[in-house]
Amino acid sequence: MDEGRLPADALPVRTRSAVEALTGPIHAVTPVDGGHHSDLAVRVDTATGPVFVKGLRTGDPRAAAQRREALIGECVAGVGPGVLWRLLVGGWDLVGFEFVAGRHADYRERSGDLVLLAEALKVLAGVSLPAVELPSAGERWAGCAPGVGLGEALVGSTLCHTDFNPENVLVTADGAVLVDWGWAVRGPAWLDPALVVVRLIATGGQSPAAAQAWAARLPAWRGVPDGVIGDFVEAEARYWEAVTSRTPAPWSRALADAARAWAGYRAR
């Protein structure tokens, strides 16, 4: 279980009873590994099937992102898990999602999972923006940009997931499903493929050339000015270098190194 994550039996009796009123009798509650933005993340087994439940204590500053994720879940059927219910009771803010039975994506070169991820991103590019206030991509990256032009290039009307930790890409018999939408933004369609490139280098051990070639095969990549991609890669490297400086951790260092390696490859 993730450090800081509460055990499955941490919910007060009143809160558990309220969940049972929605799901029916609970047979088992099992902690779910992965994800770093919730105090509680469990698989709840009921007579009608499993439900994924994530939650935060009410008043937690991350609750806004969780509420946003619940609203996004109502419009990403086919590419993300649907939202079954949301519950505020007993000091907890809980969301019940469709349970996705899948494994984490393999980001190594030639992995068949990358074909499935590409298909999921094509579907996502056509999803209408949900009726929820989303941060803009510019708010996250423009401050790290090497010039003023990137801010305009980050304007877009596409729902972008942005957090492609392989734990957030579940591979099922029907394709790749994107979970954990707490970092979603509105932006250009090429943004998610670019962010996947960094993960392919950091997690999949791919070369910058191979990872960029994967993104270049996606329709959203075509026609994007080379200078825009270059400026974004530099901004992404600076973003993760700043994160690593504030809160050093192996995972953030790996992302900073991957983005910097991609920037170096493009500068040749």
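Quantities reported herein were computed from a predicted structural model and do not represent experimental measurements. Just so you know, residue 1 is the first one in the sequence shown, and it goes up from there.
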Among all residues two or more places apart in sequence or in another chain, which pass the salt bridge (Lys or Arg N to Asp or Glu O under 4.0 Å) test with [X]?
{"X": "Glu234", "result": "Arg238, Arg260"}
{"X": "Arg140", "result": "none"}
{"X": "Glu74", "result": "none"}

Mind checking side-chain hydrogen bond (donor to acceptor under 3.5 Å, both in side chains) for [X] and listing every partner two or more places apart, or none if nothing turns up?
{"X": "Gln212", "value": "Trp262, Arg266"}
{"X": "Arg67", "value": "none"}
{"X": "Trp190", "value": "none"}
{"X": "Trp221", "value": "none"}

Distance flag, aromatic centroids of His161 and Trp181, threshold under 6.0 Å: yes
Test item: Ser252 side-chain N/O and Pro248 main-chain N/O as donor-acceptor pair under 3.5 Å: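 Answer holds: no.
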Would you list the pairs meeting salt bridge (charged side-chain N to carboxylate O under 4.0 Å, His left out) in which at least one residue belongs to [range], sequence neighbours left out?
{"range": "residues 109-122", "value": "Arg103-Asp113, Glu119-Lys122"}
{"range": "residues 211-225", "value": "none"}
{"range": "residues 201-215", "value": "none"}

Partners passing side-chain contact (heavy atoms from CB on, under 4.5 Å) against Ile26 (at least two apart in sequence or in another chain): Arg16, Val19, Glu20, Thr23, Val29, Val44
Starting at [atom1] of [X], measure out to [atom2] of [Y] and round the result to the nearest 0.5 Å.
{"X": "Leu134", "Y": "Ser157", "atom1": "CG", "atom2": "OG", "answer": "11.5 Å"}
{"X": "Arg186", "Y": "Leu159", "atom1": "CZ", "atom2": "CG", "answer": "11.5 Å"}
{"X": "Asp93", "Y": "Ser38", "atom1": "CG", "atom2": "OG", "answer": "9.5 Å"}
{"X": "Leu94", "Y": "Leu40", "atom1": "CG", "atom2": "CG", "answer": "6.5 Å"}
{"X": "Ser111", "Y": "Trp214", "atom1": "OG", "atom2": "CH2", "answer": "11.0 Å"}
{"X": "Phe97", "Y": "Leu84", "atom1": "CZ", "atom2": "CG", "answer": "9.0 Å"}

Looking at Asp39 and Lys54, is any side-chain nitrogen of the basic one under 4.0 Å from a carboxylate oxygen of the acidic one?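 Salt bridge between Lys54 and Asp39, a charged N being under 4.0 Å from a carboxylate O: no.
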Angle between ring planes, Trp251 versus Trp240, binned at 30° and 60°: parallel, tilted or perpendicular? perpendicular
Which atom pair, heavy atoms only, marks the closest approach of Ala105 to Val171?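 Looks like CA-CG2, 3.9 Å.
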Enumerate the residue pairs fulfilling side chain to side chain donor-acceptor pair (under 3.5 Å) with a member in residues 191-211, sequence neighbours excluded, ordered by first and then second residue. Asp163-Arg199
Shared ILVMFWY cluster between Val100 and Leu116, side chains joined below 4.5 angstrom? no
Spell out, yes or no, whether Val115 and Leu200 are grouped together once hydrophobic residues are joined by side-chain heavy atoms under 4.5 Å, including indirect joins. no
